Amino acid sequence: MPDIKNVADKADVIINGYAFTRNEDRIQVLNLNCPNKAAVFSSDGQMLETTMDDIELSIASRYLQQSLKYMED
């Protein structure tokens, strides 16, 4: 289980309890309210790995698209 406070502190953006962290060419998403729900996206927003169900993944993906402009270097 990840250290929630550490993940939140390192996140580039947090939206509605989802922490988005850019890590090289990938973006890691963690549901801070349910830390066993996570996803990894490519830098252009393509889903690579997930433990989220389809509905939650759709929500996280939409939040990611909305926050990409804030995550630029």
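Position 1 is the first residue of the sequence; numbering continues from there. What you are looking at is a predicted structure, and each value in this text was computed from that prediction instead of being measured.
- Under the 3.5 Å distance criterion, the side-chain polar atoms of T51 are matched with a main-chain donor or acceptor of A38.
- With sequence neighbours excluded, the residues forming a side chain to side chain contact (heavy atoms under 4.5 Å, CB included) with Q46 are S42, D44, listed by chain and number.
- Counting only residues at least two apart or in different chains, ring pair (Phe, Tyr, Trp, His ring centres under 6.0 Å) contacts with residues 19-60 are absent.
- Follow the hydrophobic side-chain contacts under 4.5 Å out from V40 and you never reach M52; the two are in separate clusters.
- With sequence neighbours excluded, no residue satisfies side-chain hydrogen bond (donor to acceptor under 3.5 Å, both in side chains) with D54.
- Between the N31 side chain and the C34 main chain, a donor and an acceptor come within less than 3.5 Å of each other.
- Atom NZ of K37 is separated from atom CG of D53 by 5.5 Å, given to the nearest 0.5 angstrom.
- Atom CZ of R26 has 12 or fewer neighbouring heavy atoms from other residues, nucleotides or ligands inside a 6.0 Å radius.
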Result block: side-chain N/O donor-acceptor pairs under 3.5 angstrom for residues 8-19, not counting sequence neighbours:
| from | atom 1 | to | atom 2 | distance (Å) |
| --- | --- | --- | --- | --- |
| D9 | OD2 | K5 | NZ | 2.9 |
| D12 | OD2 | R22 | N | 2.6 |
| N16 | ND2 | Y63 | OH | 2.7 |
| Y18 | OH | E56 | OE2 | 3.0 |

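- Residues satisfying the side-chain hydrogen bond (donor to acceptor under 3.5 Å, both in side chains) test with S58, not counting sequence neighbours, are none.
- Residues L64 and I27 form a side-chain contact, since some pair of their non-hydrogen atoms from C-beta on lies under 4.5 Å apart.
- Contact annotation: the side chain of Q28 never approaches that of E49 to less than 4.5 Å [non-hydrogen atoms, C-beta and beyond].
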